[in-house]
Amino acid sequence: MPLVSMKEMLETAKANSYGVGQFNLNNMEFTQAILQAAEEEKSPVILGVSEGAAKYMGGFKSVVAIVKGLMESYGTTVPVAIHLDHGSSFEKCMEAIYAGFTSVMIDGSHYPLEQNIALTSKVVEVAHLNGVSVEAELGRIGGQEDDIIVDDAEAAYAIPAECDQLIRETQVDCFAPALGSVHGPYKGEPNLGFDRMEEISKMTEVPLVLHGGTGIPTKDIKKAISFGTAKINVNTENQIASAAKVREVLNDNPDMIDPRKYLGPAREAIKETVIGKMREFGSSGQAK
C-alpha cells in the first residue's frame with residue numbers, strides 16, 4: 001500500500017471515536033517495530049520524524065527510502081503516513097514534502113498569533129497542492145522535543161477563540177492545542193485542560209492532536225478521544241522500553257558485541273509497547 005496523508009485517516013478516526021498513534025522513528029529498529037505492530041494489529045499508523053531524527057538517519061530522503069523499502073519487504077497493507085514532527089520553518093517543511101513525506105507539522109507556536117497564521121497558511125498552500133496534510137500548534141507544550149526545551153514557565157494553554165481563528169484562516173487538517181501535556185516524562189500527575197479541549201472541539205471541526213502521550217492515564221486518553229482528539233503522539237515510552245531492554249541484555253551478556261543481538265530484543269520491546277498503545281487508543285482492527 002502506498003504512503004498516505006493523515007487527512008482521511010484522522011477524519012475517519014474522529015468520526016469513529018478512536019485515536020491514531022504517531023510513533024516517532026529514532027533508527028531502523030524503531031521503524032521496523034512500528035510497521036510490524038501496525039500490520040499485526042491492522043491499525044493505521046503515523047510515523048513521526050523530528051528534524052533531529054531525520055538528520056541522524058541520513059536526511060528526509062533516507063527516511064522515506066527506509067520506510068518504503070520496509071513496507072515493500074513486509075507487504076504492508078495498512079495506511080501509513082510519514083509526518084514531519086515539529087517542523088521549525090517553511091523551508092524544512094518543503095524539504096520534507098519534496099523528499100516524499102505525506103504530512104508535515106509546522107510549529108509556529110512560539111510566534112505571535114498573526115505570524116503563526118501567516119506561516120502556517122504558507123505551508124498549507126504548498127502542502128495541499130501536493131496532497132500532503134498539515135498539522136499546526138497553538139500555545140506552548142512543555143518538556144523536551146529533540147533539542148527544544150520549553151519549561152513550565154514558558155508553557156502556555158491555547159485560547160479557544162484563537163484556535164478557531166487559526167484553523168479557519170489556515171485550513172489545516174489537524175490541530176494541536178497546548179492543554180497541559182508535555183514532551184518527555186511527567187513530573188507528577190498529568191493535568192490536561194479538558195474544558196478547553198471540549199470547547200475547542202465544539203468550535204472547530206478538525207481532528208485534535210495530543211502531544212506527549214506517554215504517561216497519560218488510559219481514562220484521560222479515552223476522555224480526550226471523546227472530545228475530538230484523533231492523533232496521539234508517543235515517543236518517550238518507546239525509548240524507555242528500548243533502552244531498558246538493551247541494558248538488560250548487555251547486563252546479562254557483558255561480552256556481547258553483535259548489535260543485532262541487543263537491538264533485536266529492543267525492537268521487540270518497542271513493538272510490544274506500540275501494540276499496547278494501539279489497543280489503548282482503539283485503532284487496532286480499524287484497517288481491516
Side-chain angles (χ1 to χ4, degrees), residues 6 10 13-14 19-22 24 48 50 83 85-88 105-121 123-124 134-237 281:
M6 296 193 307
L10 296 185
K14 184 173 185 284
V20 178
Q22 173 192 295
N24 281 56
S50 68
H83 177 71
D85 193 21
H86 289 279
S88 62
M105 176 190 183
I106 177 63
D107 186 355
S109 61
H110 50 291
Y111 294 122
L113 177 61
E114 294 301 331
Q115 195 172 346
N116 189 350
I117 288 173
L119 173 61
T120 302
S121 296
V123 172
V124 168
V134 181
E135 174 185 341
E137 181 179 313
L138 198 60
R140 295 286 273 156
I141 295 168
Q144 181 167 352
E145 179 82 6
D146 266 3
D147 298 324
I148 302 168
I149 300 172
V150 178
D151 64 28
D152 292 340
E154 292 176 306
Y157 275 53
I159 298 168
E162 292 184 352
C163 296
D164 181 49
Q165 181 184 349
L166 184 145
I167 291 165
R168 280 188 292 102
E169 293 186 18
T170 63
Q171 296 296 299
V172 290
D173 301 290
C174 62
F175 178 68
L179 295 172
S181 61
V182 302
H183 297 119
Y186 284 85
K187 300 170 184 174
E189 284 292 310
N191 184 23
L192 301 182
F194 287 113
D195 289 345
R196 290 198 191 193
M197 188 184 294
E198 184 177 20
E199 185 178 353
I200 292 166
S201 184
K202 286 179 177 177
M203 291 176 76
T204 69
E205 295 184 358
V206 301
L208 300 183
V209 180
L210 180 60
H211 284 241
T214 295
I216 296 178
T218 300
K219 63 179 177 60
D220 287 352
I221 292 289
K222 300 291 187 188
K223 194 170 183 180
I225 290 171
S226 75
F227 289 158
T229 295
K231 176 175 179 276
I232 303 163
N233 293 9
V234 175
N235 184 33
T236 303
E237 201 157 338
F281 301 162

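All residue numbers refer to positions in the sequence shown, counting from 1. Worth saying up front: this structure is predicted, and the values here are computed from it rather than measured. What's counted below: heavy atoms across the whole structure, side chains too, no hydrogens, waters or symmetry copies.
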Cut-off 3.5 Å, no hydrogens considered: what does the side-chain donor-acceptor table look like for residues 112-121, sequence neighbours left out?
residue : atom : partner : partner atom : Å
Glu114  : OE2  : Gln165  : NE2          : 3.1
Asn116  : OD1  : Thr120  : OG1          : 3.0
Asn116  : ND2  : Gly108  : O            : 3.2
Asn116  : ND2  : Glu137  : O            : 3.0
Thr120  : OG1  : Asn116  : O            : 2.8
Ser121  : OG   : Ile117  : O            : 2.8

request  = Kindly determine whether Lys231 and His83 satisfy side chain to side chain contact (heavy atoms under 4.5 Å, CB included), including the steps that lead there.
outcome  = CA-CA 12 Å; Lys231 176 175 179 276; His83 177 71; 3.8 Å; yes
task = With sequence neighbours excluded, tell me which residues meet side chain to side chain contact (heavy atoms under 4.5 Å, CB included) with Asp195.
result = none
ask   = What is the minimum heavy-atom distance between Ile232 and Gly19, and which atoms define it?
value = CD1-CA, 4.4 Å
ask   = Hey, mind stepping through Leu208 and Ser201 against side chain to side chain contact (heavy atoms under 4.5 Å, CB included) and telling me if it holds?
value = CA-CA 7 Å; Leu208 300 183; Ser201 184; 4.1 Å; yes
request  = Report yes if some heavy atom in the side chain of Pro177 is under 4.5 Å from a heavy atom in the side chain of Leu138; otherwise report no.
outcome  = no
Any Ile200 side-chain heavy atom under 4.5 Å of Cys163 side chain = yes
ask   = What residues, two or more places apart in sequence or in another chain, satisfy side chain to side chain contact (heavy atoms under 4.5 Å, CB included) together with Val206?
value = Ile167, Phe175, Thr204
task = Kindly determine whether Asp85 and Asn24 satisfy side-chain hydrogen bond (donor to acceptor under 3.5 Å, both in side chains), including the steps that lead there.
result = CA-CA 8 Å; Asp85 193 21; Asn24 281 56; 3.2 Å; yes
key: Set of residues satisfying salt bridge (charged side-chain N to carboxylate O under 4.0 Å, His left out) with respect to Glu237, sequence neighbours excluded   = Lys277
Counterpart residues, salt bridge (charged side-chain N to carboxylate O under 4.0 Å, His left out), relative to Glu198 (two or more places apart) = Lys202
request  = State the CD-CG distance between Glu169 and Asp164, to the nearest 0.5 angstrom.
outcome  = 9.5 Å
task = To the nearest 0.5 angstrom, please state how far the OG atom of Ser88 sits from the CE atom of Met105.
result = 11.0 Å
task = Could you walk me through whether Arg196 and Leu179 pass the side chain to side chain contact (heavy atoms under 4.5 Å, CB included) test, one step at a time?
result = CA-CA 7 Å; Arg196 290 198 191 193; Leu179 295 172; 3.6 Å; yes
key: No-hydrogen, no-angle side-chain donor-acceptor test under 3.5 Å, His86 and Glu135   = no
query = Closest approach of Asp220 and Ile216, non-hydrogen atoms and distance?
reply = CB-CG2, 3.6 Å
ask   = Below 4.5 Å, heavy atoms only, C-beta onward: do Thr229 and Met197 meet side chain to side chain?
value = yes
ask   = Are any of the side-chain heavy atoms of Ile106 and Val124 separated by less than 4.5 Å?
value = no
query = Is any side-chain heavy atom of Asp173 less than 4.5 Å from a side-chain heavy atom of Leu10?
reply = no
ask   = Can you list the residues that meet the side chain to side chain contact (heavy atoms under 4.5 Å, CB included) rule with Lys14, with sequence neighbours excluded?
value = Pro207, Ala230
message = Could you check whether any side-chain heavy atom of Leu210 comes within less than 4.5 Å of a side-chain heavy atom of Phe281, counting everything from C-beta outward?
response = no
